[in-house]
There are 2 protein chains.
Amino acid sequence: IIEVRDIKKVYRVGENRIRALDGLSLEIYPGEFACIVGRSGSGKSTLLNLMAGLEGVTKGEIIIAGKHIEKMNEKELILFRQKNIGFVFQSFNLLSHFTALENVALPLTFRGIPKNVRKKKAMEMLEFVGLASHAKHKPMQMSGGQQQRVGIARALVANPKIVFADEPTGNLDSKTSMDVMNLITDISHQRHTTFVMVTHDQNMAAYADKVVSVLDGKNTDVQYSKTK
Amino acid sequence: IIEVRDIKKVYRVGENRIRALDGLSLEIYPGEFACIVGRSGSGKSTLLNLMAGLEGVTKGEIIIAGKHIEKMNEKELILFRQKNIGFVFQSFNLLSHFTALENVALPLTFRGIPKNVRKKKAMEMLEFVGLASHAKHKPMQMSGGQQQRVGIARALVANPKIVFADEPTGNLDSKTSMDVMNLITDISHQRHTTFVMVTHDQNMAAYADKVVSVLDGKNTDVQYSKTK
Ligand SMILES: Nc1ncnc2c1ncn2[C@@H]1O[C@H](COP(=O)(O)OP(=O)(O)OP(=O)(O)O)[C@@H](O)[C@H]1O
Ligand SMILES: Nc1ncnc2c1ncn2[C@@H]1O[C@H](COP(=O)(O)OP(=O)(O)OP(=O)(O)O)[C@@H](O)[C@H]1O
Ligand SMILES: [Mg+2]
Ligand SMILES: [Mg+2]
């Protein structure tokens, strides 16, 4: 279970204080597929980054499986993420000097998995997202949507307990987007993996069990899927 | 008028040859709003980059207002782009050390426009895309959708004759996306600006006068909007 309690995040730009999150609370249960929607600039990426411990809170608490993320030091956060979390970044964040295969295999490296097993698992994930033919391509040698799919493969390859996915289908065509959503739904239900996804696309949000709307850094509405 | 005649683009990755474009032809008329759709990896960004002279063709011709883009040298291409073209990049391509305002003002710098006029026009464009409050923010201090809107403002600020827009709404919420589409449609019809937009979103493609479908580097279907 993920509990976010009255979270605030304030950024400073020169003299200005930007309140990216201004008192947001929410709960996400194990195996749940939750979706966060909201306007551009409403605080969605900031929320995901705080939950993954990639940024520190200004105020408030984030508790995942009983542990306070906002109290961890950098070493504890890194270890926590390596063991538990996959992340699909809005800006892909692939390593530019690594091939697609090496990017996907990276999370397995941190788990001490042998090289030949890493390579095999990474290749399986690339096949699953339809990119086996691009295994040796570096990020600059791939289209926007292809890079996005490599990011998705990387987030899933180590079977994390929780996956944070920030706009995972923004650069994908409809068919590929639906394939990714079906994959996420399957993994969520079969492996009891928790997904927290940000999207602007209502068609993609419809796949989730729960949809949380964020407005100006506060959550304002939680809806449950009627089809489940 | 833009004429693309039997264009081919082959990339090399190690021993492999990737045929990003394999004999594509199309025509876009002055003041037209054309949309290019297709699967991820089908060659859309490659096509836009070739039309803007940002990459060289392997084979074929691109003729804009009677000039052969594929025959221009680098200096001629730079000058041609500065005078005629705005570009919205799929990956935003903002300058990371510049503020939003400085990024938007940049095309005006190349036109020898005085600094105070540059700043005023750039600010007007930022207001138009709803980002006046972020004028002093650098790209890392903005959300994905905010960066995208800065890219749009930059592409339009110098009133170019032609705008190439690669997935201009991928990171935008529905409301902001419709605002951008209405802006593009207005500019296209009132100022006779030619727009060539890539999108995966059928709702966005519906705004265009003409929709060109690309499949594996070849165009395969051209449809005209029935509402015009
Ligand atoms: N610099 C490059 N080197 C090698 N291959 C490339 C390069 N750029 C693109 N490609 C390949 O060419 C093909 C077309 O790429 P392109 O970026 O034009 O696709 P796209 O239609 O824009 O896709 P998307 O919708 O995912 O953005 C893809 O298979 C891609 O991997
Ligand atoms: N590093 C930062 N420094 C300063 N301001 C920031 C920073 N990161 C984000 N912001 C601001 O905080 C607010 C929330 O940003 P955030 O990236 O969370 O929005 P978002 O909901 O993900 O938007 P989008 O849908 O456009 O991706 C925005 O106004 C943004 O400009
Ligand atoms: Mg975001
Ligand atoms: Mg593209």
Side-chain angles (χ1 to χ4, degrees), chain A residues 11-16 18 20 37-47 49 89-92 99-100 129-131 133-150 166-167 169-177 179-180 198-203 205 213-215, chain B residues 11-16 18 20 37-47 49 89-92 99-100 129-131 133-150 166-167 169-177 179-180 198-203 205 213-215:
Chain A
Y11 293 107
R12 292 171 192 264
V13 179
E15 298 289 321
N16 296 338
I18 308 293
V37 299
R39 300 289 306 275
S40 173
S42 60
K44 304 178 301 293
S45 295
T46 300
L47 176 58
N49 288 340
F89 291 88
Q90 193 172 12
S91 54
F92 317 147
T99 66
V129 295
L131 283 175
S133 62
H134 283 69
K136 295 183 185 233
H137 283 227
K138 294 194 182 174
M140 281 198 67
Q141 297 168 321
M142 291 186 279
S143 78
Q146 287 165 344
Q147 291 181 55
Q148 192 159 51
R149 286 185 273 156
V150 170
D166 199 346
E167 301 279 5
T169 61
N171 282 275
L172 302 184
D173 57 86
S174 301
K175 164 74 168 64
T176 308
S177 294
D179 288 346
V180 167
V198 165
T199 185
H200 287 300
D201 191 328
Q202 295 297 325
N203 294 324
S213 298
V214 179
L215 175 64
Chain B
Y11 293 106
R12 292 171 192 269
V13 179
E15 297 291 319
N16 295 338
I18 308 294
V37 299
R39 300 289 306 275
S40 173
S42 61
K44 303 177 300 294
S45 294
T46 300
L47 176 59
N49 287 340
F89 292 87
Q90 191 171 14
S91 55
F92 317 148
T99 65
V129 296
L131 283 176
S133 61
H134 283 67
K136 294 182 189 243
H137 284 226
K138 295 194 180 172
M140 279 195 68
Q141 296 166 323
M142 291 186 277
S143 76
Q146 288 166 343
Q147 291 181 55
Q148 192 158 51
R149 287 186 272 158
V150 170
D166 199 348
E167 301 278 5
T169 60
N171 283 275
L172 303 184
D173 57 85
S174 301
K175 165 73 168 65
T176 308
S177 294
D179 288 346
V180 167
V198 165
T199 184
H200 287 298
D201 191 329
Q202 294 298 326
N203 295 323
S213 298
V214 178
L215 176 64

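Protein chains get the first letters and strands the later ones, always in sequence-line order, with residue 1 at the start of each.
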Problem - Residue selection (most heavy-atom pairs with chain B, distance under 4.5 Å) from A:Gly145, A:Gly170, A:Ser40 - result: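 Going by pairs under 4.5 Å, I would pick A:Ser40.
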[atom1]-[atom2] distance between [X] and [Y], expressed to the nearest 0.5 angstrom:
X        : Y        : atom1 : atom2 : answer
B:Lys175 : A:His200 : NZ    : NE2   : 14.0 Å
B:Gln141 : A:Arg12  : CD    : CZ    : 13.0 Å
B:Asp173 : A:Thr199 : CG    : OG1   : 11.0 Å
A:Asn16  : B:His134 : CG    : NE2   : 9.5 Å
B:Glu167 : A:Asn171 : CD    : CG    : 5.5 Å
A:Tyr11  : B:Met140 : OH    : CE    : 9.0 Å

Practice task
Against chain A, work out which of B:Arg149, B:Lys136, B:Lys44 has the most heavy-atom pairs shorter than 4.5 Å and name it.
Solution key: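 Max contact count across the listed options: B:Arg149.
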Problem - Which atoms of B:Gln146 approach chain A - backbone, side chain, both or neither, heavy atom under 4.5 Å - result: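 Backbone plus side chain of B:Gln146, per the 4.5 Å heavy-atom cut-off to chain A.
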